[in-house]
Structure formats: structure tokens, C-alpha cells
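Have a look at the structure below before the remarks.
Note that the numbering runs from 1 along the sequence shown for the chain. Both backbone and side-chain heavy atoms feed into the values below; hydrogens, waters and symmetry mates do not.
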Amino acid sequence: MFIIQILGICIGLGFLIFIHELGHFTAARLCKVRVLTFAFGFGPDLLKYVYKGTKYCIKAVPFGGFVSMAGENPDDATGGKDEYLSLIWYKKIFIAFTGPFANYLLAAVMFCLIFNIYGISTVSTASKIGAVGENYPAAAAGLLNGDEIKAIDGVNVSLWSEISDNLKDKADKETSFLIERGTTTFEITMLVVKNPATGGGLIGVSPYITKEKAGFFKSILYGVEAPITQSVMTVVYLADKLFSLEKPDVAGPIGIMQVMGKAVK
């Protein structure tokens, strides 16, 4: 599994970098800049093909890639019209911009595929149980996925938020629950444990998650919306931490690889 995780991280990061460089390459072509090399990976060439002055190659280390343009290094620039540094300023910005934009576009495409193939997950607001955690009071009491909590200590509940509200002051207390399972209704009693994070009551259940099949056009809409929403949330989070003078919980390259490793597993 460790080797598979390492391979997954290499392939994943390599693919992201390749798409990034493909964005630069496409923009350079559109701006009529002479591209010397478009490579996938690093190190010595394994396969190469030269077409119209551009060397396309696959290198020995399949980790990322790069685009080499004529005249991008000031020491090598001759002032030719087909060189990067000879371009007008907005074309240089366009070539630089298309790399990260290609990654953004990739995210939208992948979200579209996920929504179209797997559907859209929505957390239900009803008091229906979606999952029961191991080693928690709910599991010990025999609660199952799909059970619905109808009352807590005689107080009727129909929304998940009402369950949380009613458990706030129930920590370390024996509490009765009215449960509906299919066509059967029964009452059980369990000792509510204390949530170490909030101090409130906890029985170890999570809300029900529904999946909605997204059609072609709806998946495109949600797919484009998803990376935008993630970006806005990130900016808002960082701004909040900045103004509150708190250290943000962010990850660098190592953190990104750790997340990718967990995803592969």
C-alpha cells in the first residue's frame, strides 16, 4: 500500500504539473512563440519526437514536466519576433496565466465527471441517522443507519439541528430516545458521552446523506461552480485569519502529498 501511495502521489502531481505546462504550451503556440521543448517528466529522454522545431519527449523521471520557449531567458534572447521576451506585455501575462488556469479548468472538468457519474451528495436536515460510529453509545445501544430519532427525553425532534440542541446539556447523563425504524417505534436509553471539542453531549451518529443524479447540463453547472466556491471559501478563510491575527491552518507541498496519499489509500 505504501508503494501504491507513492506511485499515486507521483502520478497525481505529475499529471497536475503536466496540465499546468500544457496550458503554457498552448498559449505560447497561440502567441506564435517558438517552443523548443515540451517535456513530460525530468532527466534523460526515453522517447522523443521533433515536429516543426519543437522536441516532444517523455523523460526518465515521470514527475511533472516543463515547457522551454525561445528567448525566455534574457541571456539567450536575440530579439526575434518568435521569442517570449519580445512579446507585448499582455501576451506575456496571458502565457503565464494559462498555466494555473489549465489546472483550474481541470478541476472543473473533474467535478463535472464526479457529479455526472456519482451524483451530488446532500446532507439531510431531517433527524434520520446516516451513519453510526463504532465505540459510541449509539452503536452500543443498537442504533442502525436509517433509524430516525423522534424524541429525546420526551421532547419531539424532527430536524438534525434539534438533536444537537437537545444533547448540549445531556453529557454524562442517562437519556431516553424514541426511535422509528421502518414501521416500528421503540424507546431506548443510553449514557450520553461528553464531546471533548464542544463539551456538549455526543452519541456517535451523523446525518443521512442523499445522492441526487445530476444530468449532463446540471453536472456542468455544478462542476464549474465547485472550484469557484472552494476558491471563495479559501479567500474568506484566509482573510478571517488575517484580520483576527490567527495562524491559518494551511498545507504546503508535504501537506498536499499527505492528502493525496490518503486519497489513494
Side-chain angles (χ1 to χ4, degrees), residues 4-27 30 40 62-67 90 92-126 128 130-131 133 159-161 164 195 197-198 205-265:
I4 292 174
Q5 284 180 294
I6 295 297
L7 287 173
I9 291 170
C10 290
I11 293 171
L13 283 177
F15 182 63
L16 289 177
I17 297 170
F18 174 75
I19 292 296
H20 182 95
E21 296 301 329
L22 181 61
H24 291 312
F25 171 80
T26 303
L30 290 173
F40 176 70
F63 193 77
F66 64 92
V67 171
Y90 59 81
K92 294 176 187 174
I93 291 176
F94 174 64
I95 293 175
F97 168 77
T98 50
F101 179 73
N103 289 129
Y104 212 83
L105 190 62
L106 173 66
V109 170
M110 295 184 73
F111 272 121
C112 289
L113 290 173
I114 290 171
F115 291 141
N116 189 257
I117 296 171
Y118 298 102
I120 301 167
S121 298
T122 305
V123 179
S124 174
T125 58
K128 189 176 182 180
L159 300 175
W160 195 263
S161 57
S164 303
N195 186 333
T198 65
V205 293
S206 57
Y208 195 78
I209 296 177
T210 60
K211 277 192 175 182
E212 173 196 352
K213 270 292 183 180
F216 178 74
F217 293 107
K218 200 170 186 179
S219 63
I220 291 177
L221 175 63
Y222 286 170
V224 172
E225 184 182 282
I228 295 174
T229 302
Q230 293 291 330
S231 299
V232 171
M233 288 173 60
T234 301
V235 172
V236 170
Y237 169 77
L238 292 175
D240 178 66
K241 292 298 180 181
L242 176 65
F243 288 118
S244 61
L245 300 179
E246 296 179 7
K247 182 180 178 181
D249 184 15
V250 294
I254 300 299
I256 292 171
M257 287 190 282
Q258 288 174 339
V259 171
M260 292 182 73
K262 289 179 181 178
V264 172
K265 186 176 181 180

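For Phe101, the ring pair (Phe, Tyr, Trp, His ring centres under 6.0 Å) test picks out Phe97, with sequence neighbours left out.
Put simply, the side chain of Tyr222 never gets that close to the backbone of Ile120: no donor and acceptor are under 3.5 Å apart. Remark: side-chain polar atoms of Thr98 are not paired, donor with acceptor, to backbone N or O of Ala27 under 3.5 angstrom.
The number of heavy-atom neighbours closer than 6.0 Å to OH of Tyr208, taken from other residues, nucleotides and ligands shown, is 12 or below.
Minimum heavy-atom separation, Phe115 to Ala226: CE1-CB, 4.2 Å. Minimum interatomic distance between Ala214 and Asn116 (heavy atoms only, all atoms of both residues): O-ND2, 3.5 Å. When every heavy atom of Tyr118 is checked against every heavy atom of Lys211, the shortest pair comes out as O-CD, 3.7 Å. Looking at every heavy atom in both residues, Gly23 comes nearest to Ala102 through CA-CB, 3.9 Å. Shown here for Gly8 and Val264, the closest heavy-atom pair between the two residues is CA-CG2, 3.9 Å. Closest approach of Lys241 and Lys247 over heavy atoms only: CD-O, 4.3 Å.
Residues Leu22 and Phe40 have side chains not in contact (no heavy-atom distance under 4.5 Å, counting atoms from C-beta outward). Side chains of Ser124 and Trp160 form no contact here, defined as non-hydrogen atoms less than 4.5 Å apart.
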Could you list the donor-acceptor pairs under 3.5 angstrom formed between side-chain atoms of residues 13-21 and any protein atom two or more places apart in sequence or on another chain?
from	atom 1	to	atom 2	distance (Å)
His20	ND1	Gly99	O	3.3
His20	ND1	Asn103	OD1	3.0
His20	NE2	His24	NE2	3.0
Glu21	OE1	Val67	N	3.3

In residues 249-263, what donor-acceptor pairs under 3.5 Å come from side-chain atoms, sequence neighbours left out?
none

Worked verdict on Val109 versus Tyr104 for side-chain contact (heavy atoms from CB on, under 4.5 Å): CA-CA 9 Å; Val109 170; Tyr104 212 83; over 6 Å; no

Worked check of side-chain contact (heavy atoms from CB on, under 4.5 Å) between Phe111 and Val224: CA-CA 8 Å; Phe111 272 121; Val224 172; over 6 Å; no

Criterion side-chain contact (heavy atoms from CB on, under 4.5 Å) on Leu242 and Leu238, from CA distance to verdict: CA-CA 6 Å; Leu242 176 65; Leu238 292 175; over 6 Å; no

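A distance of 7.0 Å separates CD of Glu246 from CG of Asp240, quoted to the nearest 0.5 Å. If you take CD1 on Ile114 and OG on Ser219, they are separated by 11.0 Å, rounding to the nearest 0.5 Å. Annotation: the span from Leu30 atom CG to Phe25 atom CZ amounts to 10.0 Å, rounded to 0.5 Å. Within the model, atoms CD of Glu225 and CD of Gln230 stand 11.0 Å from one another, a figure rounded to the nearest 0.5 Å.
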